[in-house]
Structures are given as C-alpha cells and as structure tokens.
Protein chains: 2
Amino acid sequence: MATIKNVARRAGVSVGTVSNVINGTVAVKGPLRERVEEAIRDLVFHPNHAARSLKSRRSHTLGMVIADITNPFFPLMVRGAEDAALKLGYLLNIFNTDDHVERERTVFGMLRARCVDGVLIAAAPSSDPPTHLRDMMATGVPLVCLDRIPADLPVDSVLVDNVMGAAMCVRHLIAMGHRTIGVISGSPRLQTAQDRVAGYRVALSEVGIPFNPALVREGDFRAESGYLLTKDLCLSSTFPTALFLANGMMGMGALKAIQELGLRCPQDIAIAVFDDVPGADIFRPHLTVVSQPAYQMGYQGTELLIQHIAGKIESKEPVRIVLQPELKIRESTNGARPRTTTGG
Amino acid sequence: MATIKNVARRAGVSVGTVSNVINGTVAVKGPLRERVEEAIRDLVFHPNHAARSLKSRRSHTLGMVIADITNPFFPLMVRGAEDAALKLGYLLNIFNTDDHVERERTVFGMLRARCVDGVLIAAAPSSDPPTHLRDMMATGVPLVCLDRIPADLPVDSVLVDNVMGAAMCVRHLIAMGHRTIGVISGSPRLQTAQDRVAGYRVALSEVGIPFNPALVREGDFRAESGYLLTKDLCLSSTFPTALFLANGMMGMGALKAIQELGLRCPQDIAIAVFDDVPGADIFRPHLTVVSQPAYQMGYQGTELLIQHIAGKIESKEPVRIVLQPELKIRESTNGARPRTTTGG
DNA sequence: TGCCAAATATGAACCGATCCATAATGTCAT
DNA sequence: ATGACATTATGGATCGGTTCATATTTGGCA
C-alpha cells in the first residue's frame, strides 16, 4: 500500500502539501497540485484510515444499533441510513441487540473503543433508565434515536406520527360508512402501540362515536395474535364491520382468519392496517395500510446526526423530526358499504 | 479518553507492560498484573482502535458486500455473518451495491482504505472479469464469495447446492405421482437459475421422464413473472399437474395466478418452490419449499474468512463449502394425487 | 531596484497503540 | 560468592496520517 510519503516523493513535494491537496485544508495551486494528483493516481493511493482517525480523532464511522435486521421493518431503515451516510462520507457499523438492553450496553462499549463519531439507535424498550445512552452523550458522542425514544432523555429523534397514522386509518374506515370498528393493538408497554390506540380513539371521538372497550383486543404484533384475536372479535357479540390492526404482521393474521371464517373482505368486514407488509401486493384482497417511511427515517436520522457531528446545530434543545405516514387505500376497505348501512 | 500511558503511570509500570497485559503477548505475573488490571478498570480504559490498527496493520473489521439489504434473502445472511464475526472479535461493514459492478469497485476502494482484514461478497453477476476481486486478493486481503462465484476466479466460497435443491423439489413432486411437471426458471444469465433448471432435469431423467421444452418458462425471479408465466403455462395445451418455481417471489406470484384461475392447489395443480418466503406460513395453501440456509451461509462464510485471516488455512486450493437446502413439505404438494393419475 | 507583507510550501511533532532490542532481575550450579 | 542463563520489564522506534510553526516564494509599491 502506497503511503503519503511515497506520493510526496514521487511528486517531489512535502507530505504536508500532499495532505493539503487531499483535504483541501489549504489551497494548493497549479502545477504543484497537478503533480500531486498525478502521483496519487499513479500509485492508487488511498489514505490510511487508521492513521487519519488516530490523529484527527474522527473516525468517519457511525454506529447503528437495531433490534434485528431480519425483522422486515429494519432493512429499509438501515438502507436509508447507509445511503445517507455514504453520501456524506461516513460508514455505518450495524449491531443487532435483539432488544436486549444488556447487549446494547456491550455494543456501546465497542462503539466507544472504535471512536465512532455518532450513534443511531432504535432503542430497546426498557423500564430501566437508559444510562448507557446518557453516558455516551456525556462523552460527547452525538446520538439520534429512531422510531422509539427512551423516556426522560433529552435526545435528538426521528419518529413516525403513530397517533396521526392510526387516526388516518380509522378516519378512512369511518368515511367508508363504518361505525362499529374493532381494533387489535400491541402490548401497552410499547409507546408505539399506545399511540396507535390513541389515534383510533381520536378518530372516533372526532365524529362522536363512543369508545367501546368490547371492540378492543390486545395483541402482541405477531401474525398469530392477529389471527386469533380477529376470530375472537368476529365471533363475539359486538361484531364489527371493520377492523383496524395496529401492525402489519397482525394484519396478515387477520386476513387469514377472515378467509377461514368464510367472510368476504371488504363486503363482510373491512380491514385497515398500520404498516405495510411484504407480500401485501400479492394476496387478495390487497390491504389498505398506512405505511411507515422507514427509509426516510433512516435517511433523515443520519443527516441529522451528521449535522450534529459537523457542529452545524447549535440549538441546545433536542431536535425532533416527526414523519407522516402515508395512507394507501386498497381493496380491503374499498368498493363496498358496511353491512349495517347498506346490506353490502 | 484514557490512554495506555495514563494506565501505565497509574499502575507504576511501563506502557509495554500494560500492552502485554492487554494482549497477553507476554505473560505478566502476580502483583504487577493486578495493579495494571486495577488501573485499567479504574480509568475505564478502552484501547484506541485506530492506534492499534495503525501499528498492527489489522483492523479486526470485515467488509460485507451485498446487492441490497432490503431484498429479503440478505438480512438472514447478514445476521449470520454478524453473529459469527462478533463471536470471533470482528466487526462487519456492510455495503449495498444494487448489483452494480461499478459500485462494487468503489466499495472495494473504501474497504482498502479502511484496511479491512477480509471481505465477504455476494458478487454481482457480471460478464466482465472481476478484476477488483482479483486485485483485492493480490493485495493479500482474503476473500470469501457467498452464494455466487465469479467465473474463473479461484476463491473460497460458500454455496447452496442449487442443483440438489431443485432436484429434491422435483423428486418430491414425482414421488407424489406427477409426471407432467412445469418449471418457471430465472434468467439463464444467472448461474443460480441455470443450476435449478439442471436439478429439475436431473430429477426427471432419474425416472426416465423426457424433458419437454414446452413445460419450461423463463421468468426473472420477480412475483409478477411468476404470476404471468403460471397463467401462461396453465392455459397452454401442455397443461402440467405440478409446477416447480425457481424462486420464492415467483412462487407467490404463482399462488396468486392459481387462485385467479379458480384452480385448487394441490388438487388441480401442485406447487413446489425453491427458497422460502416471508408470509408463506400465513397464506393457504402453505407452500412446499426447499429453503436456503442463508443464515448458515453467512455464519460459515465468516468463520472460513476469519480462519484464513488467522492463517489457519494453509491449503493453496480454494475452499468450497456446499450447503444442503432443506425440503419442507407443506400443503401445496400434499394430500392429493395428480388428476391424470387418480382423477384428484 | 529594494523592501515588506501576504501567500504558500515545508517538515517535525504528535496521535496512541505495538513490538523488539536491551536492561534488569532471578535462578541455579559450581 | 560468582558466572551463566533464563525470565521478565522497559522504553524508544514505529505505523501513516494531520497540523502548525517556520521557511520560502511571490507580488505590490515606493
């Protein structure tokens, strides 16, 4: 591997000059510059990253901490973050924690040893105070939280407006004439799940429909629970004409349940889902969803983080970027009025 | 951040001794060792990674080059690689190239600058000779190819036995009594696609069924082509009783086509698919598949790479690990004999 | 033409580890 | 007690960049 000294010798200049050409710290002009650039090309010189970050104390590397890349929500987010990072000259180190706080702590130790310039994290839900996040920030390493914010931590974040997304879904169902709308939520320990139920209630109250606890089921964001609870709800006495599922996997489960119950969708029961699902465009009926801008979340989170690193943000207040989900109306809510209104 | 000098001063020893304690290069004994360890703990000392790799010329970092993390095949592979890397004290840098050879070249430049100790790559298909791979190897950076091997390159690799997997699928269909078996393949430019058709032919020839070109359709590994070609094949004069789809996305498309044609699966037509698909366990009929050990591929590829880095492999011959796919018999081929045999 | 300030190039110190030649210490036989 | 040898600790050179104080060149003006 060619070093900066080789380049300097070949170009007949000092190492300092080569460094200046590379970094543009000081303008190097005319023939000198050309000779240096030629030498760099001839020797296929790549500045040694270790040497560079040793002296400059910046690694041009970001840490990204997520639960699990095999969870279909994360690849898009990671891709967005990576595209932004690469565009701005940074590189991403990805770590899976499976939502274990202990793994998070371990990972943070590594990030520190590697001198990452900043950290993106979709933090694990935890009742403990997030001391490792706080410590990292105290060390002066900028942090951006994606999707979830730990309680009581003044930190930059990029979020989806879960309340709004859920409300968009339910408003749409209401606009289609539904009045008896069931909801299958996630664990109330997750802020995300709480917000989506809140959005459901907002939409109902806007048009004066009273909240009916008998129409609510608490799931766990997995297909199986969507399947079981949809059956449960459809076989109960308060039979809904429409269903709002708080996440995509449960939406798939609901679809399966409805098929097995011999119900037609949307004629017998309409379905709207929070979160798009791979394969949703293959099976009938195509699901009406609000889709989360996961790619955007990764991309904008990374931009924000790098702005902080570059010191381009002076505000002492934590920055919060709230992204709007997008309602995609498809077959599962469309083309039929509810039974109770028109007889479907 | 504490440095090794701080630790040395605090423990009242030389920096060399601290280094020896950390790396175990030379055994440091008794009270000295204890004092050093205590100082390390007190100062929460993490050796600076940049300094370390500058001097030692090893970064304990691997590059991983894939097409696109949002393609559902890759997350499992990445997760496998990451788990193996972390276990062995390495860290993974992931790069998406979208299968563009030019991006691959750019990425290889970065990998070089970062002094990665080795590279895992699921190489983009290309007609050009893979000079960047060759150059990287010539520089002494070990390389392991995953899933696909560039032609004419003697390189370590971990592969799935595509011929065998396809043959397993088709043998199973034959065992269920089918004789007229259609195949929807991928682009013949992909070795993978070629191999899967080869496996199809192997299974047929084993039992003396002649190969019938009229039963073959060339798809492109996307759901849409599976959908269109399944309709095409089912409406053609050589109506198959069973179908082998060369990848998962096309399998989803086939399922949709069959539903729309009003055919029952497996009674009217059986389906077997290469490659598992997310959501395959939700929709009926559940698809019979051979699933690729993507996690294993990442994990074992990384182990192999690190063995090479550690110089534990002396053989000059490239190592090739061939993983066997697993046949998962589910509803789409089960529980019914083909029409032509039993009248279904 | 000569002088001074501004602009530009130089090279040595430095970042924080590793590693090796050398020094110091310890062990044992004589 | 002493020399010979093995064992262990030391400290300085080194990796390849960046950076800044200093040296050199350039250009404008009297």
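So that the names make sense, note that chain A is the first sequence line, chain B the second, and so on, each numbered from 1.
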[X] has an atom [atom1]; how far is it from atom [atom2] of [N], in whole Å?
X       : N      : atom1 : atom2 : value
A/Asn23 : D/dG16 : CG    : P     : 17 Å
A/Arg58 : D/dG16 : CZ    : P     : 22 Å
A/Asn6  : D/dC15 : CG    : C1'   : 13 Å
B/Lys55 : D/dT14 : NZ    : P     : 8 Å

Does the distance from a Lys or Arg side-chain N to an Asp or Glu carboxylate O, for A/Arg79 and A/Asp83, drop under 4.0 Å?
->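 Yes, A/Arg79 and A/Asp83 are salt-bridged.
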Any salt bridge between A/Glu38 and A/Arg10, counting N to O under 4.0 Å?
->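 No salt bridge links A/Glu38 with A/Arg10.
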Heavy-atom contacts under 4.0 Å between residues 13-22 of chain A and DNA chain D, which residues?
->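 The stretch gives A/Gly16, A/Ser19 as the residues lying under 4.0 Å from the strand, ordered by number.
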Which residues in residues 33-44 of chain A have at least one heavy atom lying under 4.0 Å from any atom of DNA chain D?
-> none
Within the distance-only criterion (no hydrogens, no angle test), does the side chain of [X] pair as donor or acceptor with the backbone N or O of [Y] below 3.5 angstrom?
X        : Y        : result
A/Ser19  : A/Val15  : no
B/Thr70  : B/Asp68  : no
A/Asp156 : A/Val319 : yes
A/Thr61  : A/Ser59  : yes
A/Arg148 : A/Gln191 : no

Would you say [X] places a side-chain N or O within less than 4.0 Å of OP1 or OP2 belonging to [N]?
X       : N      : answer
B/Arg57 : D/dG16 : yes
A/Asn48 : D/dC15 : no
A/Arg52 : D/dT18 : yes

Between [X] and [Y], is any pair of side-chain heavy atoms under 4.5 Å apart?
X       : Y       : value
B/Lys5  : B/Val18 : no
B/Ile69 : B/Val78 : yes
B/Val36 : B/Val13 : yes

Quick one: CD on B/Glu104 to CG on B/Leu111, what's the gap to the nearest 0.5 Å?
->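 If we round to the nearest 0.5 Å, B/Glu104:CD and B/Leu111:CG are 10.5 Å apart.
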Using a cut-off of 4.0 Å on non-hydrogen atoms, how would the nucleic acid contact of B/Ala50 be classed: base, sugar-phosphate, or nothing?
->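 Counting heavy atoms under 4.0 Å across all strands, no contact is made by B/Ala50.
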Given DNA chain D, 5'-ward residue of the pair B/Gly12 and B/Leu54, judged by closest heavy atom = B/Gly12
Between which nucleotides of DNA chain C, read 5' to 3', does contact with chain B run, using atoms under 4.0 Å from its heavy atoms?
->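 Contact boundaries, 5' end first: C/dG16 to C/dC19.
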